[in-house]
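Side chains included, hydrogens not; waters and symmetry mates left out as well; all remaining heavy atoms used.
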Amino acid sequence: MWTISGFADEVDDDFAAQLDLMDELGVRFIELRSAWGTRILDLSDAELRRVKVMLEDAGIGVSALGTDLGKISVNDDFAPHLERARRAMDVADYLETDALRGFSFFIPEGDDPDTHRDLVVDRLGQLVSLADDAGLRYLHENEKDIFGDAPQRCAWLASQLSPHAFRLIFDPANYVQCGVRPVSEAYPVVRDATVYVHVKDARFVDGSVCPTGQGDGEWPALLDALAADGYDGFFSIEPHLGAHDAFGGQSGPALWTTAHSALIDLFRSSGRRWA
């Protein structure tokens, strides 16, 4: 069974409004990135308690924490980031999720990413080790301009780090924005380590994000490939149909609903079942 989740913070900064739309759409999980306009790892303990109560009251679970771990330059001071990672482990445990969405560091413009591979895997390895010790998984997103934006480097990272604690998110739109065909070029390279899917689409012509199935993300072929491989996990909607930057976005309830409807249409047209 495939399960829908999503970045509810693209609905509204207000956490109650986020949960209201999820309830209206029948979405029972969210990838929790922010609440009340504050990133999840920057919420106070009191705010986290409020989040947990609201989630429980709404009957909504957390598929993953949408953290910003690994979303700094590879050359930045790393000690504060390790402290942020320790906070992430505590928050994940408190909110009862075993998954942390993370990244593999921005590479300075013009640099060959492979010249930084030793530092990347050392620093990422420290984050993954913390996750492993906490019984969590670090799920790496193939974000543009980080070390792991290309499928070959994503697969290399997976080969270097614990398979119990480091796995891959497959984001077709991000691959399109990197000039890579998601299914015909990327998926065969990363399929063995892929455990989670982000739902958005994009166009090669200008990198613009669009509703799923309306761009170059090869979504029908991706669903076929995932089904053939027995994928049984989350499809996390990340609309990015409104204003967005490297750390989040605001699509609003109408465009969030558009993104959700596009995924449902794809599931129905391909005869897939979902929860």
field: Salt-bridge contact K71-D145 (side-chain N to carboxylate O under 4.0 Å)
entry: no
- Message: Is the shortest side-chain heavy-atom distance between K200 and F7 below 4.5 Å?
- Response: no
For Y94, the ring pair (Phe, Tyr, Trp, His ring centres under 6.0 Å) test, sequence neighbours excluded, returns none
- Check the angle between the aromatic planes of Y196 and F234 and answer parallel, tilted or perpendicular using the 30° and 60° thresholds. tilted
Output for pair (H240 NE2, C210 SG), nearest 0.5 Å, gives 13.0 Å
Rounded to the nearest 0.5 Å, the NE2 atom of H140 sits from the CZ atom of R101 at a distance of 11.0 Å
One pair to check against salt bridge (charged side-chain N to carboxylate O under 4.0 Å, His left out): D23 and R28. What are the steps and the verdict? CA-CA 7 Å; D23 186 59; R28 308 321 304 169; 3.3 Å; yes
Smallest heavy-atom separation, V11 atom then A17 atom, equals CG1-O, 4.0 Å
With sequence neighbours left out, the residues meeting salt bridge (charged side-chain N to carboxylate O under 4.0 Å, His left out) with E47 are none
query: Quick one: does E31's side chain have a donor or acceptor within less than 3.5 Å of a partner on S236's backbone?
result: no
query: Taking it one step at a time, do R117 and D112 satisfy salt bridge (charged side-chain N to carboxylate O under 4.0 Å, His left out)?
result: CA-CA 10 Å; R117 68 190 307 176; D112 178 353; over 6 Å; no
**Asked** Under a 4.5 Å cut-off applied to non-hydrogen side-chain atoms, are W274 and I264 in contact?
**Response** yes
CH2 (W256) and CE (M22) are apart, to the nearest 0.5 Å, by 3.5 Å
Report yes if some heavy atom in the side chain of R84 is under 4.5 Å from a heavy atom in the side chain of R39; otherwise report no.
yes
Stepwise, does the salt bridge (charged side-chain N to carboxylate O under 4.0 Å, His left out) test hold for D68 with R87? CA-CA 12 Å; D68 54 10; R87 172 67 171 172; over 6 Å; no
Handout entry: Whether F267 and W2 hold their rings parallel, tilted or perpendicular, with breakpoints at 30° and 60°
Key = tilted
Those residues at least two apart in sequence (or on a different chain) that pass side chain to side chain donor-acceptor pair (under 3.5 Å) with T67 are none
Check E238 with R33, please: is the shortest side-chain N to carboxylate O separation under 4.0 Å? yes
Shortest non-hydrogen pair, V74 vs R123, comes out as O-NH1, 2.8 Å
When every non-hydrogen atom of G217 is compared with those of D201, the smallest separation belongs to N-OD1, 2.8 Å
Just by distance, no angles: are the side chains of D111 and H116 close enough, under 3.5 Å, to form a donor-acceptor pair? yes
R181 CZ: over 12 foreign heavy atoms closer than 6.0 Å:
no
Are the side chains of F170 and L226 in touch, meaning some heavy atoms are under 4.5 Å apart?
no
